[in-house]
Number of protein chains: 2
Amino acid sequence: METKPHPPCPYPDVPSAEKHAHNFKRVRDAHRREIVEDYVEMIAELARVQDDVRTSHLAERFGVSNATVTNRVQRLVGDGLIEDAPYQPLVLTEKGRTIAQESRRRHVLVRDFLIALGVDPDIAEADTEGIEHHVSEETLAAFARFVDRGSAATETTAI
Amino acid sequence: METKPHPPCPYPDVPSAEKHAHNFKRVRDAHRREIVEDYVEMIAELARVQDDVRTSHLAERFGVSNATVTNRVQRLVGDGLIEDAPYQPLVLTEKGRTIAQESRRRHVLVRDFLIALGVDPDIAEADTEGIEHHVSEETLAAFARFVDRGSAATETTAI
DNA sequence: TACAATATTTAGCTTCAGCTAAGAATCTGA
DNA sequence: TCAGATTCTTAGCTGAAGCTAAATATTGTA
Ligand SMILES: [Mn+2]
Ligand SMILES: [Mn+2]
Ligand SMILES: [Mn+2]
Ligand SMILES: [Mn+2]
């Protein structure tokens with residue numbers, strides 16, 4: 001006989017100081033990456049549904065001023081994620097497209113997971129905008145398993 | 001006969017500009033609340049397992065300098081969440097305890113949800129530190145349903 | 001008690017993300 | 001074509017969160 005598989009979650013209430021510090025540093029790192037990820041993802045998404053992507057489009061989408069977008073974009077140009085060209089439409093570099101793709105993958109997966117869990121799609125989309133930057137690959141894999149399981153069940157039931 | 005219950009998630013790829021802007025503003029609001037929530041939650045947690053809570057304890061836990069903690073704490077004192085008393089242990093006000101309790105509830109629920117989903121407890125704890133600030137009450141409720149369903153199933157199976 | 005060690009705060013700096021206002025470039029229509 | 005409207009960038013500001021180094025307060029011990 002084995003010991004019981006899962007006595008109700010005996011995770012300690014207070015992690016060690018080292019783990020705590022490490023976790024909070026990870027959050028701060030995620031926050032530093034957040035703007036980069038949101039910007040390249042947004043540029044890639046808008047490029048799919050309209051001909052030009054302009055700083056003014058991003059300003060409208062993010063709900064910030066044009067000047068703010070120009071400043072952020074200049075940093076992304078410096079990081080080699082956007083092509084440089086003043087007064088011109090925004091175009092992602094190869095590197096930018098790669099990050100956009102990874103970001104988009106996470107975004108869609110988190111959102112679809114929440115929807116599969118029963119969350120209203122609009123609320124799922126809203127929550128995802130923040131959550132997406134804080135999910136590890138491991139958690140993302142668990143989300144994917146859940147979504148797959150659900151759709152497999154649907155197919156099975158649908159026969 | 002009814003229409004199929006869930007054709008594979010027809011959520012539009014690009015939300016309207018208004019929704020987009022609203023969602024990003026919500027994320028920025030959450031980021032402004034984040035330090036407040038983490039600080040009062042940490043003070044409340046440490047108070048449960050040790051006699052004094054000092055700025056140096058918070059500095060160690062958050063992985064930041066003592067000076068940073070002193071500055072943040074002074075703002076929380078100004079917000080009426082921590083009792084004022086230089087060189088003294090940190091004590092939450094009634095208001096501070098209330099926010100700590102709400103924050104703790106969310107933290108534990110998110111963490112236990114991830115664990116219930118099959119995520120390793122240490123990774124769940126780490127991801128939770130960021131995610132907790134971005135989950136709406138609706139999503140939290142869905143998390144709670146899932147956790148309850150799981151533990152109910154376990155009890156049933158365990159007979 | 002006095003002095004050294006430790007803990008805490010203050011001073012002064014950096015970087016980041018936001019803003020408004022003003023200037024420069026582009027586009028459009030008479 | 002060129003004047004006005006629009007779009008984009010620049011300049012210069014604020015506030016938040018972090019840092020180090022120096023000053024100050026507390027504590028513990030000889
Ligand atoms: Mn986002
Ligand atoms: Mn966040
Ligand atoms: Mn947190
Ligand atoms: Mn927390």
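Order of the sequence lines sets the chain letters (A, B, ...), proteins ahead of strands, with each chain counted from 1.
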Looking only at side-chain N and O atoms, does A:H57 offer a donor or acceptor that is under 3.5 Å from a partner on A:D52? no
Heavy-atom closest contact (B:P15 atom, A:R61 atom, distance): O-NH1, 2.6 Å
Heavy-atom pair of closest approach, residues A:N23 and B:A126: OD1-CB, 3.3 Å
Any idea how A:H134 and B:H134 line up, ring-wise: parallel (<30°), tilted (30 to 60°), or perpendicular (>60°)? parallel
How are the rings of B:F113 and B:F143 set to each other: parallel, tilted or perpendicular (split at 30° and 60°)? parallel
In short, salt bridge (Lys or Arg N to Asp or Glu O under 4.0 Å) pairs touching residues 135-145 of chain A with sequence neighbours left out are A:R105-A:E137
CD (A:Q101) with more than 12 external heavy atoms under 6.0 Å: no
Running the 4.5 Å side-chain criterion over Ile, Leu, Val, Met, Phe, Trp and Tyr, what cluster does A:V77 land in, apart from itself? A:I35, A:V36, A:Y39, A:V40, A:M42, A:I43, A:L46, A:V49, A:V53, A:L58, A:F62, A:V64, A:V69, A:V73, A:L76, A:L81, A:I82, A:L90, A:L92, A:I99, B:V14, B:F24
A:I123 side, atom CD1; A:T128 side, atom OG1 - distance, nearest 0.5 Å: 11.5 Å
Check each residue of residues 48-70 of chain B for a non-hydrogen atom within less than 4.0 Å of any atom in DNA chain C, then write out the ones that pass by number, or none. B:R54, B:T55, B:S56, B:N66, B:A67, B:T70
Would B:E129 and A:R26 pass as an ion pair if we require N to O under 4.0 Å? no
Does A:R104 pair with B:D13 as a salt bridge, N-O distance under 4.0 Å? yes
Segment of DNA chain D, first to last nucleotide, that comes within the 4.0 Å heavy-atom reach of chain B: D:dA16 to D:dT26
By nearest nucleotide on DNA chain C, pick out whichever of A:N71 and A:P86 is the more 5' one. A:N71
Could you give the start and end, 5' to 3', of the contact zone on DNA chain C for chain B, using atoms under 4.0 Å from its heavy atoms? C:dT8 to C:dG18
For residues 14-43 of chain A, which residues have at least one heavy atom under 4.0 Å from DNA chain D? A:R28
Test item: B:K19 side-chain N/O and A:D122 main-chain N/O as donor-acceptor pair under 3.5 Å: no
